[in-house]
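Before I ask anything, let me first share the structure, which is written out below as structure tokens.
To find a chain, count down the sequence lines: A is the first, B the second, and so on, and within it residues start at 1.
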Amino acid sequence: MSHESTAVSTETPAYPHLGEHGPMVDALVRSALDVFATMVALPLVAGVPTISDARPPANVIGTVGFAGSISGLVSFCGTRVASLEITAALLGSSVDAVAGDLPDAIGEVANMIAGSFRTKMSHSEDRWAITMPVVTIGEDFLQKYSSSAVRVICPLTMGTHQLFVELVLQPA
Amino acid sequence: MRVLIVDDSSTMRRIIANTLKKLGYDDVVEAGDGTEGLQKVAQGKPGLILTDWNMPKMDGREFVKTLRTQSGMEAVPVLMVTTHAERTDVVLALQAGVNDYVVKPFTPETLKEKIEALLGKTAA
């Protein structure tokens, strides 16, 4: 699997190639950028999202479900090394000291991204709810969704690390 | 002054505690849900409480509602720190007895300003 790594504007990314899903993906990417700018304080650059069934190359995945007029999942995906750096940055600690904190920290990152995404998508006549975060850590697993689900992979670059946010939409 | 942090995320408790320490508040007590938060209050009255909304056992709104019925806790400043950002959410939190509201994600400066405004001071 390959992902285009050419950065697009992190201010107002727009994804016309995603059609009707573009605004929702834009809201998700901006949510991830907001979380990193305010809470993690590590530079993050957004790449070009693609509709894809391929699994992002990640072994730490924080997932939060959402439900409103549209339902689905938001996942934050990274390698263990990148996830440790994020955890250390969040906690103001060193990478060597945070291994035990990684699941909760990545869960909180996923929770904040999904919460910010919900705020951007929700309005008074379409109230969205999100689930508690679930963190999956491992080397050899597959995440499978229903065949009708639409899956958008959004690459993000943090220094030398490739991260992803994933949006899985379940048709009504 | 004792500060109580109520949040089911140990990460968020650490982030908030780190900010409080930078502000000079070293007497920080933590709880993982509203029920534990009430137990901590019973063990020693805090001068400031920061609480999440979504938590197991007892959520932040129920925690604050119960807190406000307890003698001596009617006026303790409570800051809600949550991903709930809609206007109706803020209204519900204020109705429960919350004094002010911070939406995640937040900058340390935002949290600092909210705390200082709640405590009516510019430095710890």
Side-chain angles (χ1 to χ4, degrees), chain A residues 27 30-42 44 62 64-66 68 74 76 83-84 86-93 97-98 100-135, chain B residues 5-26 28 30-34 36 50-61 80-93 101-115:
Chain A
R30 284 190 290 116
S31 297
L33 296 175
D34 287 348
V35 168
F36 271 69
T38 54
M39 303 293 294
V40 186
L42 291 173
L44 197 64
V64 175
F66 61 87
V74 167
F76 175 77
S83 299
L84 282 170
I86 293 164
T87 302
L90 267 175
L91 298 178
S93 188
V98 297
D101 300 306
L102 187 151
D104 192 89
I106 298 305
E108 189 59 37
V109 169
N111 182 53
M112 288 189 287
I113 292 172
S116 180
F117 174 64
R118 172 189 59 188
T119 299
K120 289 178 173 62
M121 297 305 301
S122 186
H123 55 79
S124 59
E125 294 175 359
D126 182 18
R127 302 263 294 164
W128 287 35
I130 60 174
T131 68
M132 63 184 290
V134 176
V135 178
Chain B
I5 305 170
V6 188
D7 198 310
D8 59 328
S9 164
S10 61
T11 299
M12 192 51 62
R13 294 199 302 269
R14 291 259 300 270
I15 291 169
I16 294 171
N18 287 344
T19 302
L20 289 168
K21 283 183 181 173
K22 289 175 184 170
L23 292 174
Y25 299 103
D26 291 321
V28 175
E30 299 182 15
D33 57 66
E36 189 183 356
L50 297 95
T51 183
D52 186 16
W53 181 321
N54 289 328
M55 294 182 288
K57 295 182 184 175
M58 180 186 287
D59 70 18
R61 283 178 58 216
M80 182 161 271
V81 184
T82 176
T83 59
H84 286 270
E86 291 185 58
R87 180 181 167 81
T88 49
D89 295 329
V90 177
V91 170
L92 289 171
Y101 205 88
V102 173
V103 176
K104 304 176 194 174
F106 55 84
T107 63
E109 291 73 23
T110 298
L111 189 60
K112 175 177 180 286
E113 287 168 8
K114 292 281 188 178
I115 289 170

With sequence neighbours left out, what residues match A/T119 under side chain to side chain contact (heavy atoms under 4.5 Å, CB included)?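 In terms of side chain to side chain contact (heavy atoms under 4.5 Å, CB included), with neighbours along the sequence ignored, A/T119 is linked to B/A85.
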
Side-chain ion pair, B/R14 and A/D101, N-O less than 4.0 Å: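 The answer is yes: the pair qualifies as a salt bridge.
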
Measuring heavy-atom distances to chain B, does A/S31 have an atom under 4.5 Å in its side chain, in its backbone, in both, or in neither?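 Contact with chain B is absent: no heavy atom of A/S31 under 4.5 Å.
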
Picking from B/L20, B/I16, B/T110, B/V102, what satisfies side-chain contact (heavy atoms from CB on, under 4.5 Å) with B/I115?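 Testing B/I115 for a side-chain contact (heavy atoms from CB on, under 4.5 Å) against B/L20, B/I16, B/T110, B/V102 leaves exactly one candidate, B/L20.
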
Side-chain ion pair, A/D34 and A/K120, N-O less than 4.0 Å: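 A/K120 and A/D34: salt-bridged.
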
Got a salt bridge between B/K104 and B/D7, using NZ or NE/NH1/NH2 to carboxylate O under 4.0 Å?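 Answer for the salt bridge query: yes.
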
Got a sec, which residues hit side chain to side chain donor-acceptor pair (under 3.5 Å) with B/T83, two or more places apart in sequence or on another chain?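 By the side chain to side chain donor-acceptor pair (under 3.5 Å) rule, B/T83 matches A/R118.
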
Report, by ascending residue number, the residues of residues 53-61 of chain B in heavy-atom contact with chain A at a distance under 4.5 Å; give 'none' if the set is empty.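 Interface residues of residues 53-61 of chain B: none, nothing closer than 4.5 Å to chain A.
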
Can you list the residues that meet the salt bridge (charged side-chain N to carboxylate O under 4.0 Å, His left out) rule with B/D89, with sequence neighbours excluded?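 Counting only residues at least two positions away or on another chain, B/D89 forms a salt bridge (charged side-chain N to carboxylate O under 4.0 Å, His left out) with A/R127.
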
Contacting moiety of A/I113, where chain B heavy atoms sit under 4.5 Å: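 The answer is neither part of A/I113.
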
